[in-house]
Every structure is written in C-alpha cells, then in structure tokens.
There are 2 protein chains.
Amino acid sequence: MPRIRHERFDCSPGCTVEGTLRYIDGKWKGVVLYHLLEGTMRFNEIRRRIPNCTQRMLTNQLRELEMDGLIARKVYAQVPPKVEYSLTPRGRSLEPVITALKVWGDANVTLAPEVSQAA
Amino acid sequence: MPRIRHERFDCSPGCTVEGTLRYIDGKWKGVVLYHLLEGTMRFNEIRRRIPNCTQRMLTNQLRELEMDGLIARKVYAQVPPKVEYSLTPRGRSLEPVITALKVWGDANVTLAPEVSQAA
DNA sequence: CATGACGGTATCCTTTTCGACACTATGTGC
DNA sequence: GCACATAGTGTCGAAAAGGATACCGTCATG
C-alpha cells in the first residue's frame with residue numbers, strides 16, 4: 001500500500017462529497033462495486049466482467065476496497081485457490097451512490113460503438 | 001487539454017457507472033459541483049470555498065467541467081475581470097449523484113479534526 | 001508610486017496511477 | 001511430461017495528475 005489512505009480530509013466544509021469520491025476513486029472501483037451489488041463473486045468472475053482491467057489492477061482495487069472496509073475477502077484454503085469477494089454492510093450502504101451513478105450514466109454516457117452495439 | 005476527454009468508453013456492460021465517475025473524477029470536481037448547486041458563482045467565490053485547491057487546479061477543473069458540458073462560463077468584458085460559473089442543465093442533472101455522495105459522506109467520512117471541530 | 005483585487009497562464013517538478021509482462025505454487029486433465 | 005486454471009506478486013516504465021511558484025494586464029485605492 002503506497003499511501004496511507006484517507007488519513008485525513010483537510011478540505012472545506014461540505015467536502016464529504018470529496019471524501020466519498022476518494023473511496024470510489026480509482027479506475028475500476030466503481031464497476032467492481034457495481035458488480036458486487038449482484039452478490040458474492042470469485043476473483044476471476046469479477047475479472048471476466050471487467051475485461052479491460054488487468055489482473056494486477058483488479059488486485060489493487062480489491063485490496064484498496066478491502067482496506068477501506070467496503071468489501072470482504074474470504075480465502076478458502078484449498079487448491080486451486082478460491083477467494084470470494086462480497087460487499088460489507090458499509091460497502092452495501094454505497095448502493096444509492098452506485099445506483100445514482102448508474103442512472104446518470106445510462107442517460108448521459110455514450111459508450112464506444114463496439115461496446116454499445118457490436119459484440 | 002492534455003487528453004481527449006471521454007472519447008470512448010471501452011469497458012464492459014454496466015460500466016456507465018465508470019463513465020459517470022470519469023466526469024466527476026479529478027480531485028476537486030465533486031466539491032465544485034456541490035458548491036455550484038447553490039447557484040452561480042464567481043471564480044474567487046468558489047476559490048474561497050475550497051481553500052486547499054490551488055488557483056491552477058481550480059482553473060483546470062472548471063475548464064474540464066466546462067468541456068464536459070456540466071458547467072457554463074460567462075465572461076463579463078469589464079475591468080477588473082468578472083467571470084461567472086453556473087451549472088448547465090446537464091450539470092444540474094447530476095444533482096442526485098452529488099447528493100448521494102454527500103449523504104454517504106456525511107454518514108461515513110470522518111473529517112480531519114481541525115476541520116470538523118476547530119475554526 | 002506601490003499595493004491589492006480580479007481571473008487567470010506558464011513553467012517546473014514530484015507524486016501517483018496505470019498498463020505490460022513475467023513469474024509464483026499447486027492440483028487436475030490429457 | 002505438459003499445459004491449464006486459480007489467485008495472485010514483482011518489477012519496470014510511461015503517462016497523467018497535481019502542487020509550488022512566478023507572472024500577466026487593468027483598474028481602484030492609499
């Protein structure tokens with residue numbers, strides 16, 4: 001962990017907005033949380049849903065989300081390895097936020113053609 | 001402008017979440033939008049509300065928000081200069097998102113002591 | 001004449017982010 | 001014996017983000 005996360009928020013009043021943003025900041029965290037809203041998932045299951053995210057990045061994002069107490073990581077001591085990720089209650093409490101992001105995005109974000117139309 | 005903003009979103013289905021996030025990504029955009037929800041404001045008015053944001057950063061963020069069609073910039077040809085910033089309809093449509101961020105932040109983000117308690 | 005307010009720019013530099021790629025261990029199937 | 005799947009880790013390097021500082025022109029004020 002390269003930085004101490006959220007050690008303090010020295011911004012002006014009203015910036016809990018900014019504070020929240022820092023939790024879901026990071027290129028893939030929003031999507032990860034969004035997918036986890038559907039339920040518990042294994043590492044590669046999440047990976048397959050976010051094909052453009054490299055393995056290393058996904059690991060990073062999951063670790064940060066875990067450190068922030070938003071997701072839980074459960075390791076099964078077996079081979080091949082099995083690790084399950086799920087939202088914590090705190091993570092689930094972000095649902096309105098994620099939903100708001102989704103709603104706005106659906107209405108306002110134009111996806112790349114090959115995504116919104118093609119395979 | 002160093003990059004072409006939001007030229008495409010080549011992520012998996014459901015990632016309009018990620019798309020939305022990219023609009024309000026940037027260290028101060030969330031707060032700027034939050035403050036602009038209150039109404040039209042001049043440059044230094046916004047600045048005073050976000051003391052930790054440097055002038056350069058504020059300019060950057062405002063420019064990006066403007067490029068994204070979220071805020072409008074109105075310049076009055078007078079001396080000393082007067083520039084007003086306000087939300088566009090598209091920007092205002094983000095209100096539920098910002099509000100959700102604020103609500104969650106109020107409940108879950110701990111501000112630094114000197115901010116939440118002291119002057 | 002000097003200073004400050006206004007709304008910025010320009011330049012430099014450091015930190016952070018992110019992607020590519022190689023590598024790990026173990027068990028199963030071919 | 002080899003590749004494959006699982007869930008990662010390590011290292012490298014490019015690019016982007018962000019902060020510090022100095023500077024701009026104009027007008028009003030002292």
Side-chain angles (χ1 to χ4, degrees), chain A residues 1-7 9-11 15 18 21-32 36 40-68 71-86, chain B residues 1-7 9-11 15 18 21-32 36 40-68 71-86:
Chain A
M1 84 194 93
R3 64 169 167 174
I4 296 167
R5 296 183 57 70
H6 316 309
E7 50 179 357
F9 293 98
D10 48 358
C11 32
C15 94
E18 199 59 37
L21 241 10
R22 293 208 204 160
Y23 281 98
I24 54 180
D25 182 31
K27 198 165 179 186
W28 307 103
K29 282 193 205 167
V31 224
V32 168
L36 281 181
T40 298
M41 262 175 229
R42 296 184 59 176
F43 185 83
N44 277 347
E45 224 172 323
I46 303 173
R47 245 196 113 187
R48 277 187 290 269
R49 286 167 187 254
I50 318 176
N52 297 314
C53 179
T54 62
Q55 195 169 31
R56 182 165 118 21
M57 279 312 297
L58 183 55
T59 305
N60 278 357
Q61 305 286 284
L62 288 169
R63 288 291 186 283
E64 291 193 0
L65 289 168
E66 192 193 356
M67 282 192 290
D68 287 338
I71 66 173
R73 180 165 175 270
K74 182 168 184 184
V75 184
Y76 293 82
Q78 65 183 49
V79 166
K82 176 177 173 183
V83 181
E84 284 183 348
Y85 292 92
S86 57
Chain B
M1 87 193 92
R3 64 168 168 172
I4 297 167
R5 295 182 57 71
H6 315 310
E7 51 179 357
F9 293 99
D10 47 359
C11 32
C15 96
E18 199 59 37
L21 240 10
R22 292 209 204 158
Y23 282 98
I24 55 180
D25 181 31
K27 200 165 179 184
W28 307 103
K29 282 192 204 168
V31 222
V32 168
L36 282 182
T40 298
M41 262 175 229
R42 297 184 59 175
F43 184 84
N44 277 346
E45 224 172 323
I46 303 174
R47 245 196 112 186
R48 276 187 291 267
R49 285 168 188 253
I50 318 175
N52 298 314
C53 180
T54 62
Q55 196 170 27
R56 184 169 100 56
M57 280 312 298
L58 184 55
T59 304
N60 278 356
Q61 304 287 284
L62 288 169
R63 288 293 187 281
E64 290 193 359
L65 289 168
E66 190 192 358
M67 282 191 291
D68 286 338
I71 65 172
R73 180 165 177 272
K74 181 166 184 184
V75 184
Y76 293 83
Q78 65 184 47
V79 167
K82 176 178 173 183
V83 181
E84 283 183 348
Y85 292 91
S86 58

Open item on the list: Distance check needed: D/dA7 P versus A/Tyr76 OH, whole Å only.
Closed with: 12 Å

Open item on the list: If the condition is side-chain hydrogen bond (donor to acceptor under 3.5 Å, both in side chains), which residues does B/Arg56 pass it with, not counting sequence neighbours?
Closed with: none

TODO: Measure from CD1 on A/Ile50 to C1' on C/dC18 and round the result to the nearest Å.
DONE: 15 Å

- [ ] Take the protein atom CD of A/Gln78 and the nucleotide atom P of D/dG8, then report the distance between them rounded to whole Å.
- [x] 13 Å

Task: Rounded distance (Å) that lies between atom C1' of D/dA7 and atom CD1 of A/Ile46 - done: 11 Å

Open item on the list: Can you confirm whether B/Ile46 sits close enough to B/Leu62 that some side-chain heavy atom of one is under 4.5 Å from a side-chain heavy atom of the other?
Closed with: yes

Open item on the list: Can you identify which nucleotide, out of D/dG19, D/dC27, D/dT6, has its nearest atom closest to the A/Arg48 side chain?
Closed with: D/dT6

Task: side-chain hydrogen bond (donor to acceptor under 3.5 Å, both in side chains) against B/Glu66, all qualifying residues, sequence neighbours excluded - done: none

Open item on the list: Measure CE/A/Met57 against P/D/dG10 and give the value in whole Å, please.
Closed with: 16 Å

Open item on the list: It should be established whether B/Lys27 places a side-chain nitrogen or oxygen under 4.0 Å from OP1 or OP2 of nucleotide C/dT16.
Closed with: no

Task: Closest-nucleotide ordering on DNA chain D, the 5'-leading residue of B/Val79 and B/Thr54 - done: B/Thr54

Task: Test item: B/Met57 and B/Asn60 side chains (from C-beta on) under 4.5 Å apart, heavy atoms - done: yes

Where do N or O atoms of nucleotides 7-15 of chain C meet protein N or O atoms at under 3.5 Å, pair by pair?
residue : atom : partner : partner atom : Å
C/dG7   : OP1  : B/Arg42 : NE           : 2.9
C/dG7   : OP1  : B/Arg42 : NH2          : 2.9
C/dG7   : OP1  : B/Val83 : N            : 3.4
C/dG7   : OP2  : B/Asn44 : N            : 3.2
C/dG7   : OP2  : B/Asn44 : ND2          : 3.4
C/dG7   : N7   : B/Gln55 : NE2          : 3.1
C/dG8   : OP1  : B/Arg63 : NH2          : 3.4
C/dG8   : OP1  : B/Arg73 : NE           : 3.4
C/dG8   : OP1  : B/Arg73 : NH2          : 2.2
C/dG8   : OP2  : B/Tyr85 : OH           : 2.7
C/dG8   : O3'  : B/Arg63 : NH2          : 3.4
C/dG8   : N7   : B/Gln55 : OE1          : 2.9
C/dG8   : N7   : B/Gln55 : NE2          : 2.5
C/dG8   : O6   : B/Gln55 : OE1          : 3.1
C/dT9   : OP1  : B/Arg63 : NH2          : 2.8
C/dT11  : O4   : B/Arg56 : NE           : 3.2

- [ ] Provide, to the nearest angstrom, the distance between the CG atom belonging to A/Asp25 and the P atom belonging to C/dT16.
- [x] 13 Å

- [ ] Specify the separation, in whole Å, of atom CE of A/Met41 and atom P of D/dG8.
- [x] 15 Å

Task: Closest non-hydrogen atom pair between A/Trp28 and A/Asn52, with its separation - done: CZ2-O, 3.6 Å

Open item on the list: Filter on salt bridge (charged side-chain N to carboxylate O under 4.0 Å, His left out), then keep only pairs touching residues 74-86 of chain A, sequence neighbours left out; what's left?
Closed with: A/Lys82-A/Glu84

TODO: To the nearest Å, give me how far apart NZ (B/Lys29) and P (D/dG18) are.
DONE: 9 Å

- [ ] With sequence neighbours excluded, tell me which residues meet side chain to side chain contact (heavy atoms under 4.5 Å, CB included) with B/Val83.
- [x] B/Arg73, B/Val75, B/Tyr85

